[in-house]
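On a predicted model such as this, the values are computed, not experimentally measured, just so you know. For ligands, and for the atoms within them, numbers begin at 1 and follow the listed sequence.
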Amino acid sequence: MTTQQKAADSSGLDLDVTVRNLGSYTTAVLPPDLAHISHRLGGYNIVNNSEYPFIPEMVARCVKRLSLLWHRGEPQAPAAAVSGSTEAAMLAGMSLLHRWKQRGLPHRPNLIAGRGAHVCWKRFCAYWDVELRTVSGVGGQVVADPARMAEACDEGTIGVVATLGYSEHGLFDDVASLSRALRRSGRHAPVHVDAAGGGFTAPFLTPELNWDFRLDHVASISASGHKFGQTALGLGWILWRSEESSPEHLWRGADYIGDGKPDIGLTFSRSAAPVAQQEHLLSRPGAFERYRIDLADCSSVAADIADVISGDPGVRVINDGTTLPVVAFCDREPGTVERWANRMRHENWIIPTYPLEANPGLGQCARIVVKPGLSPHTCDRLLASVLRATYNGIRQ
Ligand SMILES: *Cc1c(COP(=O)(O)O)cnc(C)c1O
């Protein structure tokens, strides 16, 4: 048992700070099998693929499983294991940009994304001098309006980013409607789905939701292994629909290391351990069912938390944890959400509060991410704290 898990399983105030931090999406508790993998494979460099041929094989097996989960018809099409969704976003964005450049249009390139899209897209646009056009929701919605996204496209548009799990509230863009809106408008802008969180929850919690390669417009999908993929920190995935979605000249190998096979990435040396953990998690017996059960547990804890919080008449719960196991709520009365978070802080839970970028008019918001690996006892304590914080007079 790892130190963190010991802490998570004991009672009182000695929970590891990573467990008490309820705002974070990344894996905090490594169960013994994964900790063992970290220990054994931590020193293997992912780029040394001719010395350790099992590494590219593990990557390939993960990609095959992800292709199955995300309905990719061509499991051999380009894909890469990278350091996280941020690096995946850079590579997806670069592929979109270079594909667009091949058309030789005289415009300044632009990228469409929902307001509140992750900061990695602001970085991509700043680093590669692309105009970021953000699109808001209609009628106070906190996810982007698909019709407005299609309207924002023009000849300079390199692509549209749909977010599956905005980090600030956890809700999903409607990718199927976006695809329809793009078709109706006659715009053939490719879509990248930033499924940092949702890539590892939607296939299990809402398998009927159509957001992935089943939709023609979706050219690439990225996700974080180290969020709901449940690996240790340092893993992201990017899968492209086909050879054409990622220009060949972006793929380079190094002959003096590995076997010179074409590869893509902004980083080089990294630990192979998170990939080995991902392969273990995706290939163990009943793997998908185990993900489904873990996530359904998280969702049900999130639903209980949302239920308690919504008992306060002034609070507006905007996510009750059905799609991503995240509870997000807002309150327009100044100071209320901060008081609530402070009460939680007194019981040692760390919860971020912020105005939503997608809709600051909703007032101050807070989010609780319910991650796999919390012991039932920790969940009970959490729920008890939420009850006390909500009903012990957060209004003055
Ligand atoms: C967390 C997150 C990212 C960045 O992911 P990292 O793996 O931390 O780089 C990008 N997009 C969304 C929607 C996220 O939630």
Q: Aromatic contact between F172 and Y166, with the criterion being ring centroids under 6.0 Å apart: yes or no?
A: no
Q: Does V143 belong to the same Ile/Leu/Val/Met/Phe/Trp/Tyr cluster as L209, with side-chain heavy atoms less than 4.5 Å apart forming each link?
A: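 No; L209 is not reachable from V143 via cluster members.
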Q: Can you list the atoms of ligand 1 that are under 4.0 Å from a heavy atom of S167?
A: 14 (C), 15 (O)
Q: If you measure from each non-hydrogen atom of A196 to ligand 1, which part falls under 4.0 Å: side chain, backbone, both or neither?
A: side chain
Q: Got an N/O contact under 3.5 Å between S224 and ligand 1?
A: yes
Q: Under a 3.5 Å distance rule, please check whether T27 uses its side chain to pair with a backbone N or O of T231 as donor and acceptor.
A: yes
Q: Main chain of V337, side chain of D331: is a donor-acceptor contact present, judged purely on distance under 3.5 Å?
A: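 No; judged by distance alone, with no hydrogens or angles, the pair does not exist.
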Q: Under 4.0 angstrom from ligand 1, any heavy atom of E87?
A: no
Q: Give me the residue, atom name and distance of the protein heavy atom closest to atom 9 (O) of ligand 1.
A: T86 OG1, 2.6 Å
Q: Just which atoms of ligand 1 are under 4.0 Å from any heavy atom in G84?
A: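 Counting from 1, the qualifying ligand atoms are 7 (O), 9 (O).
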Q: Show which atoms of ligand 1 fall inside a sub-4.0 Å distance from at least one heavy-atom site of G165.
A: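 Checking each atom against G165, I get 13 (C).
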Q: Name the option, out of H118, K227, M90, that contains the heavy atom nearest to atom 1 (C) of ligand 1.
A: K227
Q: Could you pull out every donor-acceptor pair under 3.5 Å between side chains of residues 97-105 and any protein atom, sequence neighbours left out?
A:
from, atom 1, to, atom 2, distance (Å)
H98, ND1, H249, NE2, 2.9
W100, NE1, E155, O, 2.8

Q: R367 side chain to S24 main-chain N or O, any donor-acceptor pair under 3.5 Å?
A: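 No; zero donor-acceptor contacts below 3.5 Å.
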Q: Do me a favour and list the nearest non-hydrogen protein atom to atom 8 (O) of ligand 1 with residue, atom name and distance?
A: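 Its nearest protein heavy-atom neighbour is H226 NE2, 3.8 Å.
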Q: Mark the output for G197 as yes if a heavy-atom distance to ligand 1 is under 4.0 Å, and as no if none is.
A: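 No, G197 has no heavy atom closer than 4.0 Å to ligand 1.
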Q: Are W121 and H192 an aromatic pair, judged by ring center distance below 6.0 Å?
A: yes
Q: Purely on distance, is any nitrogen or oxygen of D194 under 3.5 Å from one on ligand 1?
A: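 Min N/O separation from ligand 1 is below 3.5 Å for D194.
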Q: Could you tell me if N319 and H169 have a donor-acceptor pair between their side chains, going purely by distance under 3.5 Å?
A: no
Q: How far is atom 5 (O) of ligand 1 from its nearest protein heavy atom, and which residue and atom name does that atom have?
A: S85 CB, 3.1 Å
